[in-house]
Amino acid sequence: MATARVFKSKEDFADEVSRLQRSRQQSARLRQAAIFLAKVGGLEADDLLQEAITRGIEGRRRWPDHIDIVTFLAMVMKSIVNGERRKAGLRPERDPDDEGDPDIHADTSPEGLGRRADDILVSEEERRALIGMFEGDDEAKMILEGRLGGMEGDELRQFVGLDETQYKSKLRKIRRAINKAYTAGKDRK
Amino acid sequence: MTIVKKQAAIDAGGFVDEVLNDILSASDAEILEDDSELTDISGETADAFVQRAVRASMTALGKQRFAEAAAELRQSRKQPRIVSSPPGEERTKRDYVESLKAAETKLSLAARGATKVSKSDLDSAIEDLNELGGMQKHPRKK
């Protein structure tokens, strides 16, 4: 049986956002999500988080009742990156809409940005740069090459020969390296 | 609509989701340990980072509300309603001009840079402007 989606109000969102600053672990998760998405999206992390908060306060993105604030903001940031990547002219290698709708990638309306919120497009050059960060770490390189080449996590883990804990640990190492490089300003766009 | 040149790209959505899930599901201790590295590098705590984004968002929204109120004020100034006031309303007119000047000062401060104007300043300026709109429509009687 389908259930109606329930959303929290803009006021609830504003209240919760103002409380975020008092929770160190929530702030830490949010900053790491913002930095990682900014790196992948070629954006500034603080601008990205600010835009996500603005959209929530204005009610342009509604906060589902069952999702915590940090997850919600991460989703909004991801959606913003998705839109920005398309505005930048990136298109999927195999895009079924290419023939039918030539303007789809030029659509900068809020409706257009939400059309495919699940993918995050990176150029070949960006893919190479990401993988290039892990010279000397073959496992990390294989994980990135596999994940950016369309392999699923489990399939890739088995291919690389790691158990779940080892894979998670490697993923954490990749994330930490990307976020540290971005924060140090060595790897900004 | 902006027409942009298309460039072939790889979908990193699966990888991004995997990393985001890792960030969201990692233990508090792990996430704080990772974050302390970022604090060491940037010199800014995660709390301060989030606080800065929240403030910037509030200021941007305040500016937007302010711009709307200023536009309303400009519009109402094009249609002056206080042309000839009865003698008893001279003071009301003087109050109006003083309030107008104060609101305009706040407006120009805000235009020069958000960092120089607090949110409460912006709110109070918007309130002034709203009040002025009300005064023009219904000048206070003494």
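Below, chain A is the first sequence line, B the second, and so on; all start at residue 1.
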Practice prompt. With the side chain counted from C-beta on, respond yes when A/Val81 and A/Lys78 share a heavy-atom pair under 4.5 Å apart, and no when they do not.
Written response: no
Discussion item. Please classify the contact between B/Ala12 and chain A as side chain, backbone, both or neither, with a heavy-atom cut-off of under 4.5 Å.
Written reply: both
Item to complete: State whether the side chain of B/Asp11 and the backbone N or O of A/Leu121 hold a donor-acceptor pair below 3.5 Å, judged by distance alone.
Response: no
Worksheet item: By a 4.5 Å heavy-atom criterion (distance strictly below it), what part of A/Leu48 contacts chain B: side chain, backbone, both, or neither?
Response: neither
Practice prompt. Could you tell me which of B/Leu38, B/Thr39, B/Ile41 has the largest number of non-hydrogen atom pairs under 4.5 Å with chain A?
Written response: B/Leu38
Worksheet entry | Under 4.5 Å from a heavy atom of chain A, the part of B/Leu61 involved | side chain
Practice prompt. Indicate the ring-plane relationship of A/Phe72 and A/Trp63, choosing parallel, tilted or perpendicular according to the 30° and 60° boundaries.
Written response: parallel
Discussion item. Please classify the contact between B/Gln51 and chain A as side chain, backbone, both or neither, with a heavy-atom cut-off of under 4.5 Å.
Written reply: both
Worksheet item: Any idea which of B/Ala56, B/Ala48, B/Ala60 has the most non-hydrogen atom pairs under 4.5 angstrom with chain A?
Response: B/Ala56
Item to complete: Please examine the side chains of A/Glu84 and A/Leu43, heavy atoms only from C-beta on, and report whether any two atoms are closer than 4.5 Å.
Response: yes
Item to complete: Measure A/Ser23 against the heavy atoms of chain B and call it side chain, backbone, both or neither at under 4.5 Å.
Response: backbone
Worksheet entry | Region of B/Ala26 in contact with chain A, defined by heavy-atom distances below 4.5 Å | both
Practice prompt. Would you mind checking which part of A/Ala14 comes under 4.5 Å of any heavy atom in chain B, side chain (CB onward), backbone (N, CA, C, O), both or neither?
Written response: neither
Fill in: Among A/Asp68, A/Val70, A/Thr71, residue most engaged with chain B (heavy-atom pairs, under 4.5 Å)
A/Thr71
Worksheet item: Within a radius of less than 6.0 Å around NZ of A/Lys173, do more than 12 heavy atoms belonging to other residues, nucleotides or ligands occur?
Response: no
Fill in: Which portion of A/Leu144 sits near chain B, non-hydrogen atoms under 4.5 angstrom
side chain
Worksheet entry | Top contributor to chain A contacts, counting heavy-atom pairs under 4.5 Å, from B/Leu32, B/Val50, B/Ile23 | B/Ile23
Item to complete: May I ask you to test the A/Phe36-B/Val16 pair for a side-chain heavy-atom distance under 4.5 Å?
Response: yes
Worksheet entry | Non-hydrogen side-chain atoms of A/Ile178 and A/Phe134 separated by less than 4.5 Å | yes
Item to complete: Check each atom of B/Ser27 against the heavy atoms of chain A and say whether the ones under 4.5 Å are side chain, backbone, both or neither.
Response: backbone
Practice prompt. Please tell me if the side chains of A/Arg60 and A/Thr54 come closer than 4.5 Å, counting only heavy atoms from C-beta onward.
Written response: yes
Discussion item. Using heavy-atom distances under 4.5 Å, tell me whether A/Ile35 contacts chain B through its side chain, its backbone, both, or neither.
Written reply: side chain
Worksheet item: Does the side chain of A/Arg55 reach to within under 4.5 Å of the side chain of A/Ile80, using non-hydrogen atoms?
Response: yes
Worksheet item: Regarding A/Tyr167 and A/Glu139, is there a side-chain donor-to-acceptor distance under 3.5 Å anywhere?
Response: no
Practice prompt. Select one option (side chain, backbone, both, neither) describing which atoms of A/Arg172 are under 4.5 Å from chain B's heavy atoms.
Written response: both
Discussion item. With a 4.5 angstrom heavy-atom cut-off, is it the side chain or the backbone of A/Arg127 that approaches chain B, or both, or neither?
Written reply: side chain
